[in-house]
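Step one of this worksheet: look at the structure below.
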Amino acid sequence: MRSWVRAMLFFSSLSPLFFILWIQTIEFDYLKKMSWKQVITAIYELNHVFSNNIIAISFMLFTISPNIILFIVFMRCKRYGSYQTTVTSITAKNSDVLNYIATYLIPFVTFNTDKLNDLISFIVLMLVLTVVYVNANIFFINPLLNLFGYHVYQINENSIIITKVPILVGMKLDMYTIQDNVFLGER
């Protein structure tokens, strides 16, 4: 899998953060004083709705685009066929997502977009985290996968399976390669 795809999958894992940051750019005090018709017109024209329109649009793009790419990756991996394996050992990896949320998402919720130096610092930090995430090959640690009903398991000592079905020892799984030892699994 190409590095830019893994980077987009990293941004997919951060999309709840970008959505929260997008919400923080909304000027609710301004909208509160308006009628619904005025609010809809203001949103359509982006008039005073956001503290910074460019940042708000960027956050929304980083919320939506990577998730579209995530599900395209899932659909494409099914094109290349599957192979079947029998589960001999299982380790649940869903708890890794909680560590990820506590480490990467919660601390950034208080991020302030009002100052240029804060914004530049955030961008540099995101670039560094993207490189580390891509090189560590941990794109499967993604809170959105859990929200959409997927579970992440390590099976047979070295394969990572992303699946919607509960896995038991002895079960046969169809595995679609996403990358190297990371698979989309189905019964």
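Only this structure's heavy atoms are used, side chains among them; waters, hydrogens and symmetry mates stay out. As the structure is a prediction and not an experimental result, all values here were calculated from the model.
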Using a 4.5 Å cut-off on heavy atoms from C-beta on, say whether the side chain of M60 contacts that of F19.
yes

State, yes or no, whether a side-chain contact exists between N52 and T25 at a heavy-atom distance under 4.5 Å.
no

Would you say I68 and F11 are hydrophobically clustered, going by side-chain heavy atoms of ILVMFWY under 4.5 Å?
yes

So that I know where these two stand, are F59 and F50 an aromatic pair - ring centroids less than 6.0 Å apart?
no

Would you check, one step at a time, whether the test side chain to side chain contact (heavy atoms under 4.5 Å, CB included) holds for W22 with Q24?
CA-CA 5 Å; W22 176 78; Q24 289 180 348; over 6 Å; no

Value rounded to 0.5 Å, distance of CD1 in I161 from CD in E186
11.0 Å

So M126 and L14, do their side chains get closer than 4.5 Å, heavy atoms only?
yes

Rounded to the nearest 0.5 Å, what separates atom CZ in F74 from atom CG in L184?
5.5 Å

Would V165 end up clustered with I178 when hydrophobic side chains under 4.5 Å apart are linked, directly or stepwise?
no

Take T88 and E157 through the test side chain to side chain contact (heavy atoms under 4.5 Å, CB included) and record every step on the way to the result.
CA-CA 9 Å; T88 59; E157 303 301 324; over 6 Å; no

Is there a side-chain contact between F122 and D118 in this structure, where contact means two heavy atoms from C-beta onward sitting under 4.5 Å apart?
no

State yes or no: are the ring centers of F71 and F148 separated by less than 6.0 Å?
yes

I'd like to know if the side chain of S65 and the backbone of F62 have a donor-acceptor N/O pair within less than 3.5 Å.
no

Pairwise side-chain contact, L144 with Y150, heavy-atom cut-off 4.5 Å (strictly under)
no

Atom of N142, atom of S13 and distance for their closest heavy-atom approach:
OD1-CA, 3.3 Å

Any donor-acceptor pair under 3.5 Å linking the side chain of D174 with the backbone of S82?
no

S58 side, atom OG; N53 side, atom CG - distance, nearest 0.5 Å:
10.5 Å

Looking only at non-hydrogen atoms, find the nearest pair between A7 and T130 and report the distance.
CB-CG2, 3.6 Å

Indicate the atoms forming the closest heavy-atom contact of M175 with I155, along with that distance.
SD-CD1, 4.2 Å

Is it true that L116 and I54 fall in one hydrophobic cluster, defined by side-chain heavy atoms closer than 4.5 Å?
no

Would a hydrophobic clustering, with Ile, Leu, Val, Met, Phe, Trp and Tyr connected at side-chain separations under 4.5 Å, put L129 with F18?
yes

Evaluate whether atom CE of M34 has more than 12 neighbouring non-hydrogen atoms of other residues, nucleotides or ligands under 6.0 angstrom away.
yes

Side-chain heavy atoms of V73 within contact of R76, under 4.5 Å:
no

Is there a side-chain contact between Y176 and R79 (heavy atoms, below 4.5 Å)?
no

Cluster question for you: counting only ILVMFWY and a side-chain heavy-atom cut-off of under 4.5 Å, with indirect links fine, are I72 and L70 together?
yes

Ring centers of Y83, F183 separated by less than 6.0 Å
yes

Are a donor atom and an acceptor atom from the side chains of S159 and Q154 found within less than 3.5 Å of each other?
no

Quick check for you: to the nearest 0.5 Å, what is the distance between I20 atom CD1 and S15 atom OG?
10.0 Å

For V87 and L173, run side chain to side chain contact (heavy atoms under 4.5 Å, CB included): C-alpha distance rounded to whole Å, both residues' side-chain angles, the deciding distance at 0.1 Å, then the answer.
CA-CA 7 Å; V87 178; L173 282 177; 3.8 Å; yes

Does the side chain of I162 reach to within under 4.5 Å of the side chain of L145, using non-hydrogen atoms?
yes

Taking only residues at least two apart or on different chains, which pairs with a member in residues 161-172 satisfy side-chain hydrogen bond (donor to acceptor under 3.5 Å, both in side chains)?
T86-K172

Going by atom types alone, do N67 and S12 pair a side-chain donor with an acceptor below 3.5 Å?
yes

I'd like to check the salt bridge (charged side-chain N to carboxylate O under 4.0 Å, His left out) partners of E27; sequence neighbours left out, ordered by chain and number.
none

